[in-house]
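Heads up, the thing below is written out as structure tokens.
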Amino acid sequence: DQQVKQNSPSLSVQEGRISILNCDYTNSMFDYFLWYKKYPAEGPTFLISISSIKDKNEDGRFTVFLNKSAKHLSLHIVPSQPGDSAVYFCAAISGNTPLVFGKGTRLSVIA
Amino acid sequence: NAGVTQTPKFRVLKTGQSMTLLCAQDMNHEYMYWYRQDPGMGLRLIHYSVGEGTTAKGEVPDGYNVSRLKKQNFLLGLESAAPSQTSVYFCASRRTSGGAFSYNEQFFGPGTRLTVL
């Protein structure tokens with residue numbers, strides 16, 4: 001049973017437009033959520049996170065929104081750049097248990 | 001700081017052969033993890049460790065063993081490799097979190113691409 005779901009395997013966006021990546025979760029005990037970015041032939045790198053006591057966290061072009069009642073979070077990238085083309089993983093955690101990852105969404109930003 | 005390093009970067013094995021993947025971190029992190037990434041499957045946790053001398057099973061532990069004899073190293077072993085273990089393996093580490101609603105970032109190594117024929 002998948003606790004963290006990324007239902008869109010891929011997404012294409014024009015350069016300069018907004019990219020919105022979505023993630024749903026089922027475990028109401030999750031208290032922290034993260035997004036990781038992965039380029040080919042590299043390990044994932046941390047991008048942005050949000051605590052379950054907040055509903056928004058912003059870092060430059062990246063904003064994560066959390067809707068606890070819907071058990072949904074989203075990552076907004078504005079404006080999108082070709083260098084943002086990568087696989088994005090949503091992850092969640094409860095306490096000190098291991099991170100639970102979604103299957104990832106491949107973002108392609110077209111120049 | 002080198003961060004998290006993995007050895008080797010690539011390896012080809014024949015079915016039934018054994019090997020050990022080495023992960024090393026120089027950040028004095030307590031927690032270490034081994035994941036595998038397969039197409040369309042995301043990152044799946046194999047085993048993890050919450051400190052030197054401790055190990056625990058993750059989501060897909062069968063066919064793998066691990067050891068954490070030193071805090072900075074986490075070894076992943078395949079005793080008898082199978083084609084189903086063809087994958088990219090990632091090691092990660094992080095510090096213990098400060099408390100509720102906080103989390104310390106997990107750092108990943110560059111990965112080991114393993115092919116089992």
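Residue numbers begin at 1 in each chain, while the letters A, B, ... track the order of the sequences.
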Given the rule that I, L, V, M, F, W and Y join up when any side-chain heavy atoms are under 4.5 Å apart, are [X] and [Y] in one cluster?
{"X": "A:Ile48", "Y": "A:Val4", "value": "yes"}
{"X": "A:Trp35", "Y": "A:Tyr25", "value": "yes"}
{"X": "B:Phe74", "Y": "B:Phe107", "value": "no"}
{"X": "B:Leu22", "Y": "B:Trp34", "value": "no"}
{"X": "A:Ile93", "Y": "B:Met32", "value": "no"}

Heavy atoms only, distances under 4.5 angstrom: which of B:Gln37, B:Gln6, B:Lys9, B:Arg44 has the most pairs with chain A? Name it, please.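 Most heavy-atom pairs under 4.5 Å with chain A: B:Gln37.
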List the atom of A:Phe89, the atom of B:Gly42, and the distance in Å for their closest heavy-atom pair.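 That closest heavy-atom pairing would be CE2-CA, 3.8 Å.
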Below 4.5 Å from any heavy atom of chain A, which atoms of B:Leu45 appear? Answer side chain, backbone, both or neither.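 Interface part for B:Leu45: side chain.
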Under 4.5 Å from any heavy atom of chain A - which part of B:Glu59: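 It is neither, since no heavy atom gets under 4.5 Å.
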Only pairs of heavy atoms separated by less than 4.5 Å count here; which of A:Ala91, A:Pro44, A:Gly102, A:Gly43 has the most with chain B?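 Heavy-atom pairs under 4.5 Å are most numerous for A:Pro44.
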Verify the neighbour count for atom CD of A:Gln2: are there more than 12 heavy atoms of other residues, nucleotides or ligands below 6.0 Å?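 More than 12 within 6.0 Å, yes.
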Heavy atoms of other groups near A:Arg17 CZ, more than 12 under 6.0 Å: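 At most 12 heavy atoms, drawn from other residues, nucleotides or ligands, come within 6.0 Å of this atom.
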Out of B:Arg94, B:Glu105, B:Gln106, which residue meets the side-chain contact (heavy atoms from CB on, under 4.5 Å) rule with A:Phe46?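 Single side-chain contact (heavy atoms from CB on, under 4.5 Å) partner of A:Phe46 among B:Arg94, B:Glu105, B:Gln106: B:Glu105.
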Hey, does B:Phe90 have a side-chain heavy atom less than 4.5 Å from the side chain of A:Lys38?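 Contact flag for A:Lys38/B:Phe90 side chains = yes.
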Which atoms of A:Leu99 come close to chain B, meaning under 4.5 Å heavy atom to heavy atom: side chain ones, backbone ones, both, or neither?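 Both parts, backbone and side chain.
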Between OH of B:Tyr35 and CZ of A:Phe101, what distance do you get to the nearest 0.5 Å?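 Nearest 0.5 Å value for the OH-CZ distance: 4.5 Å.
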